[in-house]
Amino acid sequence: MEITKICCIGAGYVGGPTMAVIAQKCPQIQVTVVDLNTERILAWNDKNTENIPIYEPGLSEIVAEARGRNLFFSTDVEKAIDEAQIIFISVNTPTKTYGKGKGMAADLKYIELCARQIAKVAKGDKIVVEKSTLPVRTAEAIKSILDSTGNGVQFQILSNPEFLAEGTAVQDLLSPDRILIGGDYSVEGQKAIKALVDVYSNWVSPEKILTTNVWSSELSKLTANAFLAQRISSINAMSELCEKTGADVNEVARAIGMDSRIGSKFLKASVGFGGSCFQKDILNLVYIAKSYGLNEVADYWEQVIIMNDHQKRRFSNNIVQTLYNTVADKKITFLGWAFKKDTNDTRESAAIYVADDLINEHAKIAVFDPKVSRKKILSDLDYLETRTLEENEKSIFTSEDPYLSCEKAHAIAVLTEWDEFVHYDWQKIYDGMQKPAFVFDGRNILDKTKLEAIGFVYQAIGS
Ligand SMILES: NC(=O)C1=CN([C@@H]2O[C@H](COP(=O)(O)OP(=O)(O)OC[C@H]3O[C@@H](n4cnc5c(N)ncnc54)[C@H](O)[C@@H]3O)[C@@H](O)[C@H]2O)C=CC1
Ligand SMILES: O=C(O)[C@H]1O[C@H](OP(=O)(O)OP(=O)(O)OC[C@H]2O[C@@H](n3ccc(=O)[nH]c3=O)[C@H](O)[C@@H]2O)[C@H](O)[C@@H](O)[C@@H]1O
């Protein structure tokens with residue numbers, strides 16, 4: 001089957017970049033990305049591609065090249081579904097905030113809505129691709145909804161999870177470690193798998209395209225995120241032990257990372273992992289394990305989250321303790337609010353939780369992040385519902401100028417590893433601060449020797 005039209009439901013951090021790269025690499029395919037969020041679609045269509053709603057290095061150039069040629073952003077969901085041969089579902093699958101499985105299970109209401117809309121609109125056979133991260137066996141539910149239309153349309157459901165990381169999304173999409181496609185073993189299923197393999201083959205080499213059954217594919221995505229997050233919690237657990245024993249976690253990470261069986265990536269101790277997915281996907285895994293009565297499996301993975309929460313809290317407690325057990329009315333400057341560098345995404349960022357703890361202690365928080373707005377910072381804090389928006393507004397100060405943000409601060413806390421922080425004029429920052437001037441480096445990016453020579457009291461994670 002020759003694919004000429006693709007549609008993607010959900011123009012978010014995954015749908016937008018993924019489809020932009022498919023459109024760039026497959027000029028013969030028309031790619032339409034649709035979303036209910038009019039504001040988001042307007043931003044994707046902004047004349048100036050620097051204003052697209054998602055900041056990712058290299059993305060605006062790709063959008064500039066393909067948009068209007070074979071890449072389109074629209075709110076007309078039905079038309080796009082009707083025309084497409086392949087429909088990617090790339091909507092959000094957050095943790096449930098109500099009812100059964102509250103705080104653990106994935107909320108599949110957006111997925112179900114998509115399935116129902118496809119069922120309603122489709123007049124011809126379609127391949128429906130799960131791009132969102134989903135609990136194992138969700139494809140079964142989607143298939144059941146689609147097959148109940150009774151209008152004779154044939155649907156094939158594929159699982160094609162996305163492994164891109166934010167901040168490196170374009171690079172990850174252009175040269176992925178692997179593309180995973182799960183499908184049915186039937187003849188029709190195999191045909192559908194081949195159609196999707198052919199799309200990726202436009203730029204990904206065949207040995208990197210892995211095909212499996214649907215359930216393996218769905219579960220592999222949750223497993224990959226669980227393993228990655230588990231490495232961070234493991235090294236963070238060691239960071240606390242390092243602080244007590246005089247060992248240095250960076251040295252320990254280097255030493256173990258040189259063992260080729262362990263590998264050196266994802267061993268960077270930090271204030272704790274954030275991002276929209278690690279916590280949500282592990283909670284989902286824990287919920288699935290519990291629902292099968294596998295309590296030891298559930299407890300094992302839950303510990304990754306418990307350790308991460310501990311690491312965030314430990315960081316804020318340490319700031320309070322070091323500042324003579326009180327931060328009331330003290331100015332603490334946060335360098336960074338995003339959950340990692342090179343993204344404007346702040347979902348589940350450690351900064352939110354550390355700020356919340358410190359505001360509880362009546363601290364005044366000045367935040368500088370090169371890509372995050374005051375509005376976003378306040379809405380992140382507001383989401384926690386710890387206090388009113390007005391109270392948060394009185395505790396959060398923002399400025400476009402990092403030096404101004406640091407002026408008269410009692411302490412600086414590095415929450416995101418933006419490269420520019422390393423290159424600041426730290427002497428100038430020191431001169432403008434209250435003394436003693438403290439730096440709490442939650443990302444271990446600054447030069448301890450240099451900062452101590454200037455006069456800072458410098459504390460890193462795990463040393
Ligand atoms: N953010 C990331 O780096 C990664 C995310 N994922 C997974 O991809 C999925 C999407 O994540 P993000 O792109 O980050 O979410 P997002 O929240 O940025 O985007 C989802 C979009 O879907 C839209 N939407 C929801 N229901 C809709 C409907 N019925 N019709 C049309 N549009 C609808 C929303 O308005 C939103 O713009 C999630 O399952 C996530 O776990 C997977 C890999 C990486
Ligand atoms: O499913 C998803 O959403 C994605 O989740 C992660 O990607 P992402 O969350 O964008 O970013 P990561 O680079 O994994 O970082 C996650 C968090 O862990 C932290 N981290 C990462 C690595 C490390 O060594 N130490 C550490 O503290 C980061 O600062 C960040 O807060 C995975 O890396 C992707 O493969 C996956 O597709």
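Both counts, for ligands and for their atoms, begin at 1 and track the order of listing.
Using a 3.5 Å distance cut-off with no hydrogens or angles, the side chains of Ser463 and Asp248 do not pair a donor with an acceptor. Neither side chain, Glu218 nor Thr138, offers a donor N or O lying under 3.5 Å from an acceptor on the other.
Side-chain contact between Leu42 and Phe73 is absent, with no heavy atoms from C-beta onward closer than 4.5 Å.
Panel note: side chain Arg67, backbone Trp44; a donor-acceptor pair is recorded below 3.5 Å.
Screening Lys340, Arg347, Lys371 for a salt bridge (charged side-chain N to carboxylate O under 4.0 Å, His left out) involving Glu166 leaves a single residue, Arg347.
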Side-chain polar contacts of residues 94-103 - donor-acceptor pairs under 3.5 angstrom, sequence neighbours left out - could you list them?
unit_1 : atom_1 : unit_2 : atom_2 : d
Lys96  : NZ     : Lys100 : O      : 2.8
Tyr98  : OH     : Asp107 : OD1    : 3.0
Tyr98  : OH     : Asp107 : OD2    : 2.9

What pairs of donor and acceptor atoms, side-chain ones from residues 274-287 against any protein atom, are under 3.5 angstrom apart with sequence neighbours left out?
unit_1 : atom_1 : unit_2 : atom_2 : d
Lys280 : NZ     : Thr93  : OG1    : 3.2
Asp281 : OD2    : Asn225 : ND2    : 2.8

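Taking a heavy-atom cut-off of under 4.0 Å, ligand 1 is surrounded by Ile9, Gly10, Gly12, Tyr13, Val14, Asp35, Leu36, Asn37, Arg40, Ser90, Val91, Asn92, Thr93, Tyr110, Cys114, Ser132, Thr133, Glu162, Leu164, Glu166, Lys221, Ser276, Cys277, Lys280, Arg347.
Rounding to the nearest 0.5 Å places SG of Cys114 at 6.0 Å from CD1 of Ile111.
At a threshold of 4.0 Å, the pair Lys120-Glu78 counts as salt-bridged, since one of the basic side-chain nitrogens sits closer than that to a carboxylate oxygen.
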Show me a pair-per-line table, with atom names and distances to 0.1 Å, of protein N or O atoms that are under 3.5 Å from an N or O of ligand 2.
unit_1   : atom_1 : unit_2 : atom_2 : d
ligand 2 : 1 (O)  : Lys221 : NZ     : 2.8
ligand 2 : 1 (O)  : Asn225 : ND2    : 2.8
ligand 2 : 10 (O) : Glu166 : N      : 2.7
ligand 2 : 11 (O) : Lys340 : NZ     : 3.2
ligand 2 : 13 (O) : Lys340 : NZ     : 2.8
ligand 2 : 24 (O) : Leu267 : N      : 3.4
ligand 2 : 24 (O) : Lys268 : N      : 2.9
ligand 2 : 25 (N) : Lys268 : O      : 2.8
ligand 2 : 27 (O) : Ser270 : OG     : 2.6
ligand 2 : 29 (O) : Arg443 : NH1    : 2.6
ligand 2 : 31 (O) : Gly274 : N      : 3.0
ligand 2 : 31 (O) : Phe339 : O      : 2.8
ligand 2 : 35 (O) : Phe163 : O      : 2.7
ligand 2 : 37 (O) : Glu162 : O      : 3.4
ligand 2 : 37 (O) : Phe163 : O      : 3.2
ligand 2 : 37 (O) : Leu164 : O      : 2.7
ligand 2 : 37 (O) : Lys221 : NZ     : 2.9

